[in-house]
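Notes follow once the structure below has been shown.
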Amino acid sequence: MDDWLKAERYAEAAKLLAERGRWRWALRQLDLALTLDPNRGDWQAERGVALDGLGRYGEAVDAYARAIELGEVSPGLRLNLGIDLARVAAYEESAEMLQAAAAMDAAWVDPWIELVAVETARGDMQARDEAFFTGQQIDDSQPALYVAMAHSVDLQDDHERAALCWREVLKRDARHPDARLELARCHWRFGRTERARRLYVQQLNLDPTDTAALLELGGLLASLDRRGEAAATLRSLVELEPENAEAHAALGEIALRQGHADAARRRFRRAQRLEPDRPGIHLGLARAALAENEHGTAQDHARVELARHPTDPTRVVELARVLLELDLTAEAIELLEPWDNEWAELGSERLSADAALLYGVAHLIRGDASVGLRACRESYRLDPSLSIALCNVVMALTRHGSVRRARAVMRRLERQHPHDPHLKDLARRIRLAAWRRRLSRLWPAPRP
């Protein structure tokens, strides 16, 4: 009798502790209660909840399963077990348990919301859609249903459908903590930058301490060349999180674009101290050193960045540009060579065109006219607004004595880019090359 009373007291204490979120103490009290009375399924279920609170999901699965063995039949228990089975990647068993929970309460939408995520993880998109539509029929007012679907379609890179889902979330919950941020990201991907900016601002009006929104708004403003606003936004983030390496790196980039190389160097150094292995830090330091004509220091940083084998397309192209400025032509060619003839894989047309142009220029510097001309032409094909690519073709053809072909490309340049400031100088070069050719025919060089 005394043991039974002690067990009940332990269980009551556990409930009070759980209500306060003191999961570790609640678990201790439940373990004491179950030591005295191990056949209480409700206590095993509460033990599973405490283990969930501690993030010990595998143990929580065992506790919930034991509660079911002891006769607990509530749909909430099966829902919790289904969620934890998904957390330990037991998706088949999770789907079965969630369907069992749904069968016990036909008016309950929560199991169907969880099934959307579970079927996504299983790769069964038909079952995912069925779970979503069933949830809509039961209770279409639940924003969590659309949140689950938004995350699912986003994983498939269906960002338009994800944006639609996030809009539905906002219709049901205008103050949802994530919806505006996620919708802003979708609009930024589609190039709708003003809509994205407004959504970031709205998110910060709701939560001025949202560090993700501050960081992304700073990046968006920087990409729009609104550097002063971007810097102010990122400084607000640094005030909230002084140890945010990404914010310091972004401020370094802005300072570099504004021509403040020393301030940029300080920001990059701070980011490096906070996160020594952060990609792009040595590239930023190389650009800052180059801006101050410290070529030796810039070369050292560029080689360190190169040794880390960068894969981000934007970073690859920027590093190649720096390498060429530092006369490290062979290194620039080696960096860009994997994308030769596959420039489109780098991403946007402009980025691909820049990469092909840099590759072409590097080969022209090395004296490999055929590869250089081919890459420059490919650069112009990818981005016809990039007239510098055709200018390089004209210069290369002129240098190698193909004056007729140079004139043909020059006529194309004059038609398509009549206001290009390089045209006058190119025309003069072609005339000089033509005169040299005629003179060489009149007075050929003496044979040795």
Side-chain angles (χ1 to χ4, degrees), residues 19-24 52-55 113 117 142-151 154-155 159 162-163 165-190 192-258 260 263-264 266-281 284:
E19 287 172 2
R20 298 171 189 170
R22 300 179 67 181
W23 301 113
R24 193 177 304 280
D52 271 342
L54 293 168
I113 294 172
Q142 292 292 325
L145 181 64
Y146 289 90
V147 170
M149 195 61 172
H151 286 307
D154 198 50
L155 287 171
H159 305 304
C165 288
W166 287 117
R167 281 196 285 271
E168 292 297 323
V169 173
L170 285 173
K171 287 179 184 177
R172 290 156 179 79
D173 181 3
R175 298 183 68 85
H176 191 280
D178 300 324
R180 283 180 176 79
L181 187 58
E182 294 288 352
L183 192 53
R185 290 166 178 163
C186 290
H187 283 306
W188 192 357
R189 287 190 190 105
F190 303 138
R192 298 194 283 263
T193 52
E194 182 53 29
R195 288 190 194 178
R197 188 196 66 79
R198 288 199 300 268
L199 284 161
Y200 281 124
V201 171
Q202 289 173 19
Q203 177 70 10
L204 289 168
N205 287 337
L206 288 172
D207 182 6
T209 64
D210 189 328
T211 55
L214 283 167
L215 181 63
E216 292 174 29
L217 177 59
L220 175 63
L221 291 168
S223 72
L224 297 173
D225 215 26
R226 294 165 67 166
R227 298 171 191 170
E229 294 173 71
T233 302
L234 291 167
R235 280 195 291 270
S236 299
L237 171 56
V238 170
E239 288 176 10
L240 290 169
E241 287 189 359
E243 307 302 302
N244 192 311
E246 193 167 358
H248 285 290
L251 282 167
E253 183 66 33
I254 292 169
L256 202 55
R257 292 183 188 179
Q258 291 176 327
H260 306 312
R266 289 197 300 272
R267 288 291 183 181
F268 287 130
R269 287 290 188 197
R270 179 73 181 274
Q272 186 183 34
R273 285 196 297 273
L274 293 168
E275 196 176 328
D277 296 325
R278 181 175 180 79
I281 287 295

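A donor-acceptor pair shorter than 3.5 Å cannot be found between the side chains of R227 and Q258.
Scanning both residues, G284 and L256, for their nearest heavy atoms gives O-CD2, 4.2 Å. Between V238 and A247, the shortest heavy-atom contact is CG2-CB, 3.8 Å. What you find for Y200 and E216 is that their closest heavy atoms are OH-OE1, 2.6 Å. Heavy-atom minimum distance, L183 versus A163: CD1-O, 3.5 Å. Nearest heavy atom pair, residue F268 against residue I281, reads O-CG2, 3.9 Å. Here the closest heavy-atom approach between residue A230 and residue I254 is recorded as CB-CD1, 3.6 Å.
For R189 and D154, the salt-bridge test passes: some basic side-chain N is under 4.0 Å from an acidic carboxylate O. Between R175 and D173 there is no salt bridge, since no side-chain N of the basic residue sits under 4.0 Å from a carboxylate O of the acidic one.
Using modelled atom types, no side-chain atom of R267 and backbone atom of A263 make a donor-acceptor pair closer than 3.5 Å. Side chain of Q203 to backbone of P177: a donor-acceptor contact under 3.5 angstrom is found. Listed for the R180 side chain is a donor-acceptor partner under 3.5 Å among the backbone atoms of A174. The backbone N or O of A249 sits nowhere less than 3.5 Å from a side-chain atom of R278 that would complete a donor-acceptor pair.
The structure places CG of L237 at 8.5 Å from NE2 of H248, a figure rounded to the nearest 0.5 Å. The distance from atom CG of L170 to atom CG of L199, rounded to the nearest 0.5 Å, is 8.0 Å. With rounding to the nearest 0.5 Å, the separation of CG in L181 from NE2 in H176 is 11.5 Å. The structure places CG of L220 at 12.0 Å from NE2 of H187, a figure rounded to the nearest 0.5 Å. Rounded to the nearest 0.5 Å, atoms CH2 (W166) and CG (D178) are 6.0 Å apart. One finds the CZ atom of R167 at 8.5 Å from the SG atom of C186 (value rounded to the nearest 0.5 Å).
Paired with P143 under the rule side chain to side chain contact (heavy atoms under 4.5 Å, CB included), one option of R172, K171, E168 passes, and it is R172. Screening T211, T209, N205 for a side chain to side chain donor-acceptor pair (under 3.5 Å) involving D207 leaves a single residue, T209.
Residues in residues 232-252 take part in these salt bridge (charged side-chain N to carboxylate O under 4.0 Å, His left out) pairs, two or more places apart or across chains: E243-R270.
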For this session: Take R269 and R266, measure what side-chain contact (heavy atoms from CB on, under 4.5 Å) needs, and give me the verdict at the end.
Result: CA-CA 5 Å; R269 287 290 188 197; R266 289 197 300 272; 5.7 Å; no

Problem set entry | Worked check of side-chain contact (heavy atoms from CB on, under 4.5 Å) between L234 and L214 | CA-CA 7 Å; L234 291 167; L214 283 167; over 6 Å; no

